[in-house]
Amino acid sequence: MIVVGGEALVDLVPGEPLDSPVSNSTVDGGLRALLPRLGGGPYNVALAAGRLGVPTSFLSRVSTDRFGGALVERLVDSGVDTSLIQRGDEPTTLAVVALDEKGAARYTFYVEGTADRLVRDPGTLPDEATALSLGTLGMVLEPGASAYEAMLRRESARGTLTVLDPNIREALIGEPGAYRERFASWLPDVRLLKISDDDAAWLTEGADPVAAAKAWVESGVDAVVLTRGAEGISVITAAGELAHVPSRRVEVVDTIGAGDTVQGALLAWLHTREVRDLAALDAAAWREALSFAAKAASITVSRSGAEPPTAAEMASTV
């Protein structure tokens, strides 16, 4: 099975404009009502893989508050195993989302003393765990970040397919230089790095994303999947840029969960084909994998919030 570790939180997403006799740009600053949407990068990855019908387990610490209960229930409804979840009475992390004119999301986080950052290292994963996927706030907020880092190194040594999406949230990285050094230290234990071109540029302080990906491969990563927004998705391996697929044309509602869906879909594709060694994939196989991921992401961005598609929706979408 696939094990996904990291935060589970609630996104507060803008809804319709506030409608009241005193609601106007002077009184309320043009604010819109905020609607709760269950999310978090790793949480969305687990949802995406589970909905695509592959055995997936989510590892995190989840609050016993009402939000936490809803988070767990949604995982179960999406076919995700919850036996690795730790529970605590700390509050659920909140992320307030602002959308720009193109539907791109920007986040403000409320993380102090919340449940997911207090996750404990569970020790060696079950024997049936063939892949471990980590990323986002889980690799930033202590003490949980150190627990996930220990898991990454231990599972890599065991031969588990390790997957990382740093999914940079710059506002929560107090010392960028220290984080960049820590990121570099993870690379020898990462087999598949999934990263956006914006995050690649941030991590390298402005370097070309493809050049950065090639350097990361030289540091020990087997393959880097680079998501490039409207330009599509590329994969870079030791053989160079093996494949590229364009983005699918859809009407975008928002981009929340798009990259997470790519990662979950890639994990599902690799699991279904029992791929353990990424070096075994040729250009044609990578194009198939990236096309599958691009299709899944196109469905997610066509609706509000992080709502990855099911296997049935993928099959029925041209």
Side-chain angles (χ1 to χ4, degrees), residues 1-5 42 45-46 48-57 124-135 151-166 183-184 186-197 200 209-228 232-247 259-297 308 311 314-315:
M1 68 178 177
I2 299 163
V3 176
V4 182
V45 171
R51 289 182 178 185
L52 291 172
V54 299
T56 305
S57 185
T124 303
L125 294 179
D127 290 341
E128 59 268 30
T130 55
L132 172 65
S133 174
L134 300 170
M151 290 175 55
L152 174 68
R153 300 196 190 284
R154 184 174 58 244
E155 292 303 315
S156 174
R158 295 179 65 223
T160 304
L161 176 63
T162 49
V163 185
L164 175 69
D165 179 3
F183 169 80
W186 297 331
L187 297 179
D189 292 306
V190 174
R191 304 279 60 78
L192 174 61
L193 176 65
K194 199 285 292 178
I195 189 168
S196 71
D197 53 3
V210 173
K214 291 178 179 178
W216 292 328
V217 168
E218 292 175 359
S219 297
V221 178
D222 290 342
V224 177
V225 169
L226 189 63
T227 57
R228 316 185 73 180
I233 310 175
S234 302
V235 62
I236 294 89
T237 72
E241 186 173 349
L242 273 188
H244 175 83
V245 299
S247 294
D260 307 326
T261 300
V262 168
Q263 184 161 343
L266 286 173
L267 287 165
W269 189 93
L270 293 168
H271 181 90
T272 300
R273 288 151 185 82
E274 299 184 352
V275 176
R276 301 292 177 265
D277 180 7
L278 298 180
L281 298 177
D282 60 14
W286 274 115
R287 277 192 293 272
E288 181 182 335
L290 298 184
S291 295
F292 182 78
K295 181 178 182 179
M314 288 287 284

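If you're wondering where the values come from, they're calculated on a predicted model, not measured in any experiment.
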A.B. asks: Output the distance between atom CG (Leu281) and atom OG1 (Thr237), rounded to the nearest 0.5 Å.
C.D. replies: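 So the gap between those two atoms works out to 9.5 Å.
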A.B. asks: Shortest non-hydrogen contact from Ala265 to Ala293?
C.D. replies: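 Closest approach of Ala265 to Ala293: CB-CA, 3.8 Å.
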A.B. asks: Quick check on side-chain contact (heavy atoms from CB on, under 4.5 Å): which of Thr124, Val3, Leu134 does Glu155 satisfy it with?
C.D. replies: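 With Glu155 as partner, Thr124, Val3, Leu134 yield a single side-chain contact (heavy atoms from CB on, under 4.5 Å), made by Thr124.
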A.B. asks: How many angstroms lie between CG in Leu161 and OG in Ser156, if you round to the nearest 0.5 Å?
C.D. replies: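 Atom-to-atom, Leu161:CG and Ser156:OG are 10.0 Å apart.
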A.B. asks: For residues 215-227, please give each side-chain donor-acceptor pair under 3.5 Å, one per line with the distance, not counting sequence neighbours.
C.D. replies:
from	atom 1	to	atom 2	distance (Å)
Ser219	OG	Ala215	O	3.1
Asp222	OD2	Arg191	NE	2.8

A.B. asks: Are the side chains of Pro55 and His271 in touch, meaning some heavy atoms are under 4.5 Å apart?
C.D. replies: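 Sidechains of His271 and Pro55: in contact.
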A.B. asks: Kindly indicate whether the side chain of Leu266, heavy atoms from C-beta on, has any atom under 4.5 Å from the side chain of Leu290.
C.D. replies: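 Touching, per the 4.5 Å side-chain cut-off.
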A.B. asks: When rounded to the nearest 0.5 angstrom, what distance separates CG in Asp277 from CG in Leu270?
C.D. replies: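 Reported to 0.5 Å precision, the distance equals 11.0 Å.
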A.B. asks: What distance separates Leu152 CG from Trp186 CH2, expressed to the nearest 0.5 Å?
C.D. replies: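 Going from the CG atom of Leu152 to the CH2 atom of Trp186 covers 8.5 Å.
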A.B. asks: Set out, in order, the CA-CA distance, both residues' side-chain angles and the distance that settles side chain to side chain contact (heavy atoms under 4.5 Å, CB included) for Arg228 and Val210, then state yes or no.
C.D. replies: CA-CA 10 Å; Arg228 316 185 73 180; Val210 173; 3.8 Å; yes
A.B. asks: To the nearest 0.5 Å, tell me how far Asp282 CG sits from Arg287 CZ.
C.D. replies: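 So the gap between those two atoms works out to 8.0 Å.
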A.B. asks: Only one of Leu267, Leu52, Val54 forms a side-chain contact (heavy atoms from CB on, under 4.5 Å) with Thr272, so which one is it?
C.D. replies: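 Only match with Thr272 under side-chain contact (heavy atoms from CB on, under 4.5 Å): Val54.
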A.B. asks: Quick one: does Thr162's side chain have a donor or acceptor within less than 3.5 Å of a partner on Asp189's backbone?
C.D. replies: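 Here the side-chain-to-backbone pair exists.
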A.B. asks: Would a distance-only check, ignoring hydrogens and angles, find a side-chain to backbone donor-acceptor pair under 3.5 Å from His244 to Ile233?
C.D. replies: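 A pair under 3.5 Å: yes.
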A.B. asks: Which heavy atom in Pro246 sits nearest to a heavy atom in Ala294, and how many Å separate them?
C.D. replies: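 Closest approach of Pro246 to Ala294: O-CB, 4.3 Å.
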A.B. asks: For Ala48 versus Gly264, what's the shortest heavy-atom pair and its separation?
C.D. replies: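 So the two residues come closest at CB-CA, 4.0 Å.
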A.B. asks: Between Glu241 and Ser234, do the side chains contain an N or O donor and an N or O acceptor separated by less than 3.5 Å?
C.D. replies: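 Side chains of Glu241 and Ser234: pair found under 3.5 Å.
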A.B. asks: More than 12 heavy atoms of other residues, nucleotides or ligands under 6.0 Å from CD of Glu128: yes or no?
C.D. replies: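 Correct, the count exceeds 12.
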A.B. asks: Testing the basics here: between Val45 and Ser133, what is the closest heavy-atom pair and its distance to 0.1 Å?
C.D. replies: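 Closest approach of Val45 to Ser133, heavy atoms only: CG1-OG, 4.0 Å.
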A.B. asks: Nearest 0.5 Å, what's the CD-CH2 distance between Glu288 and Trp269?
C.D. replies: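 Rounded to the nearest 0.5 Å, the CD-CH2 separation comes to 5.0 Å.
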